[in-house]
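Structure record follows, encoded as structure tokens.
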Amino acid sequence: MVALVRAVRRLALGRPLRSDDLGEQLLTKRLALPIFASDPLSSVAYATQEILLILSLGGLAYFYLTPYLAIGVVVLLAVVALSYRQVVYAYPSGGGSYEVATKNLGPSAGLTVASALLIDYVMTVAVSVSAGVDNLISAVPALNTHRVALAVAFVVLLTVMNLRGIRESGTTFAFPTYGFIAGVMILIVTGFVRVAAGSTPVAESAGYTIEPELSGLTGLALVFFALRAFSSGCTALTGVEAISNGVPAFRKPKSANAAKTLMAMAATAIVMFAGITALAIVTKVHVAVNPCDLIGFAGNCETDPQRTVIAQIAAAVFGGTTNIGFFYVQATTVLILVLAANTAYNGFPLLASVLGRDRYLPVQLNTRGDRLAFSNGIVLLAVTAGGLIVLFDASVTHLIQLYILGVFTSFTLSQAGMVRHWNSVLATESDARERRRIHGRRALNGTGAVLTGTVLIIVTITKFTQGAYLVVIAMPILFFLMRGVRRHYDRIAALLVVDEDSFTLPSQVHTIVLVSVLNKPTARALAYARATHPTTLEAVTVLSANTGKLQREWEKYEVPVPLKVLESPYREVSRPIVGYVKSVRKRIPDGVVTIFIPEYVVGHWWEHLLHNQSALRLKGRLLFTSGVMVTSVPWLLDSATRAGSPLGKPAPGDIRRGLPPAAELSGKSASGTP
């Protein structure tokens, strides 16, 4: 069974990598782009749609706002990308916004950023995968009833690929990312060529009208409505910070390569978003939050999904839904949206590892797995995002309301932190030319902080009642949870600090060997206990039907250790032994009690069913007794020692992680009673 599980694991994840292979996993710019930038690149597939969906609440009357809102998103994206370019150079260690906020604004600001980003990364997976499934359904409507199952399956696939290692996942995801970029660029160029040629494409929904849910908006109500649509379009900015978190994954020169990749990502995303938005306006795409608000909608609005904006544009530009161009755009859109979650699969484990290193999350998150990926963080992300997908039925409309609040929280605090960073640099810089450069950088980050802070307020207000309140609740919970984890680690570290008494020898050592029968494992345990030369040594057994035979054999072989029999009126084993050990501890408060337990080590899972597990229960109880040391004396059965036994040798990665052989770790040693 164990061998089968290991074989499946190796088949799915590949062979273990040595620690010194880590350098081979570093990324070129060509591979880093699909790994770290797939989220912001893919968001152009639905950012325009999110703007139109909000505007549709007022019917067609407010669609005229679309280009102005899109321009706002483009400007914001450019400012944020340029701001993070400076983070890449100033903080290349991979902490990103968390490190910037922590070092410049204090630990509380850093934890606020961390909680926001962790939540955002989870939402990135849930939203991206769900949006990918939406576009798949646009091409194949019959799959609509399997929406949740498809989304969960994609999460599992992404998890397996990332567990195989960062470089391998980048190689796998490179084609879909570049294929999507090529497809959208061809779509944009073809669309505008047709417009220039006088053959303007028309979307299938151009003839629809929309039943407004809101009307007569003026003054502040109109401003609020426009800001709500703008905040939805700001989903185009998600994932921009991922490159600043992943600088250590780049090849040298790390900062320069990361900065170039960031700029390439920003420029590509801006061109694609602007092009798709312009084509949506030109082709007159009409979408609505509720398909039943679309007057003229073909099909059953209660059950049939409306095609996404990018699907309608592709159908209009390429001449229908059966054209190869349409299917290519849809196929690559599905792939890039699903793979956009890969940005989170790299950002979340990296950030979690930094938090684990700083003792704000379990330290296991800072441990690399067999493939040199932060496996624990990857699995944690997958489980959390999968749960959200199931909870919200893989609905982008519902999930999107929980999105981007965390993004702009981290954006704002990061840029504010960079302003303070430049202030501290200016305090020590005397060169006039360099000071002018720093003033310019500070102005850029200051502008970024003001803009993203403004958007954060807008997002919080406009999305609060739509579901963003859940994030507002979740962030403080996660914040205080991480503070609690740090306090726990600090308290434990303080308790374990070496002092003058740490190396003081105990006044005496009372050693007890637990026995039930006299056999070779028991004899070995007795010999080992004698070899330690304790102050006092005794063998202890609990009264049972075999006690008489044990006492006779004890006398027959003249065992040089006194045997003590404990009464057990209720036929228990653990309670009498624990009670006796505690009584010994009371007699020697300045000494220690050492317990030796002879144990079998078996090589097959089914052998555990044939042996008593009293040793495991005893150890579990004795470990909670102060001043008691528990020592296992293993006796390997032939099944655990014969050649080829899966438990007779270390598992891949065990030695690197400082683990004992698998026989000791997963063999679940049975007690010394056959």
Side-chain angles (χ1 to χ4, degrees), residues 87 91 93-126 238-239 241-242 244-248 343-369 373-388 391 402-418 420 452 456 459-460 468-496:
V87 174
Y91 295 92
S93 60
S97 299
Y98 164 70
E99 186 175 2
V100 173
T102 299
K103 290 187 175 180
N104 296 287
L105 302 177
S108 294
L111 281 188
T112 301
V113 168
S115 61
L117 281 177
L118 290 175
I119 292 172
D120 181 65
Y121 282 135
V122 172
M123 295 309 307
T124 294
V125 176
T238 58
E241 82 291 336
S244 68
N245 291 333
V247 177
T343 296
Y345 270 97
N346 286 280
F348 183 98
L350 282 169
L351 177 58
S353 74
V354 173
L355 291 167
R357 179 200 66 194
D358 293 346
R359 301 298 191 267
Y360 287 113
L361 287 179
V363 294
Q364 295 92 327
L365 292 170
N366 194 36
T367 302
R368 293 183 183 270
F374 293 110
S375 305
N376 293 328
I378 291 171
V379 172
L380 177 61
L381 172 63
V383 171
T384 310
L388 280 176
L391 183 63
L402 310 180
Y403 208 16
I404 78 172
L405 184 62
V407 176
F408 282 94
T409 300
S410 65
F411 283 172
T412 304
L413 291 177
S414 173
Q415 300 315 306
M418 286 300 294
R420 179 165 288 187
T452 55
L456 175 61
V459 169
T460 304
Y469 69 91
L470 294 174
V471 178
V472 175
I473 294 172
M475 281 176 55
I477 291 175
L478 186 55
F479 175 93
F480 287 110
L481 179 63
M482 290 191 288
R483 288 281 293 269
V485 170
R486 177 60 183 263
R487 281 197 300 271
H488 169 79
Y489 279 124
D490 288 345
R491 181 174 59 84
I492 296 302
L495 290 173
L496 300 181

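The figures here come from the full heavy-atom set of this structure, side chains too, leaving out hydrogens, waters and symmetry mates. What you are looking at is a predicted structure, and each value in this text was computed from that prediction instead of being measured.
The ring-ring contact (aromatic ring centres under 6.0 Å, His included) check on F411 picks up Y84, F408, with sequence neighbours excluded. Judged as a side-chain contact (heavy atoms from CB on, under 4.5 Å), and not counting sequence neighbours, the contacts of P107 are Y360. With sequence neighbours excluded, the residues that form a side-chain hydrogen bond (donor to acceptor under 3.5 Å, both in side chains) with D358 are Y98. In this view, T102 satisfies the side-chain hydrogen bond (donor to acceptor under 3.5 Å, both in side chains) rule with no residue, not counting sequence neighbours.
Screening L111, I119, L118 for a side-chain contact (heavy atoms from CB on, under 4.5 Å) involving M475 leaves a single residue, I119. Partner of N376 under the side-chain contact (heavy atoms from CB on, under 4.5 Å) criterion, chosen from V363, N366, L365: L365.
Residue N104 comes nearest to Y91 through the heavy atom pair ND2-OH, 2.8 Å, listed as atom of the first residue, atom of the second, then distance. Closest approach of L413 and A109 over heavy atoms only: CD1-O, 3.9 Å. Here the closest heavy-atom approach between residue S97 and residue L117 is recorded as CB-CD1, 4.1 Å. Of all heavy-atom pairs between A385 and V125, the closest is CB-CG1, 3.5 Å. Nearest heavy atoms, L380 versus T384: O-OG1, 2.8 Å. Among all heavy-atom pairs drawn from P349 and A344, the shortest one is CD-O, 3.5 Å.
Put simply, the side chain of L355 reaches to within 4.5 Å of the side chain of M482, judged on heavy atoms.
Note that the CD atom of Q364 and the OG atom of S375 stand 13.0 Å from one another [nearest 0.5 Å]. Atoms CD1 and OH, from I378 and Y345 in turn, are 8.5 Å apart once rounded to the nearest 0.5 Å. For the atom pair CD1 (I492) and CZ (R359), the distance works out to 12.0 Å, reported to the nearest 0.5 Å. Distance check, rounded to the nearest 0.5 Å: OG of S414 to CD of E241 gives 9.0 Å.
Pairs of residues two or more places apart, or lying in two chains, never qualify as side-chain hydrogen bond (donor to acceptor under 3.5 Å, both in side chains) while including a residue from residues 108-118. For the salt bridge (Lys or Arg N to Asp or Glu O under 4.0 Å) condition, the pairs that include at least one residue of residues 475-489, sequence neighbours left out, are R486-D490.
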message: Evaluate T409 against V113 for side-chain contact (heavy atoms from CB on, under 4.5 Å), listing each step before the verdict.
response: CA-CA 7 Å; T409 300; V113 168; 5.7 Å; no

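In this structure, D120 contributes its side chain and A116 its backbone to no donor-acceptor pair below 3.5 Å.
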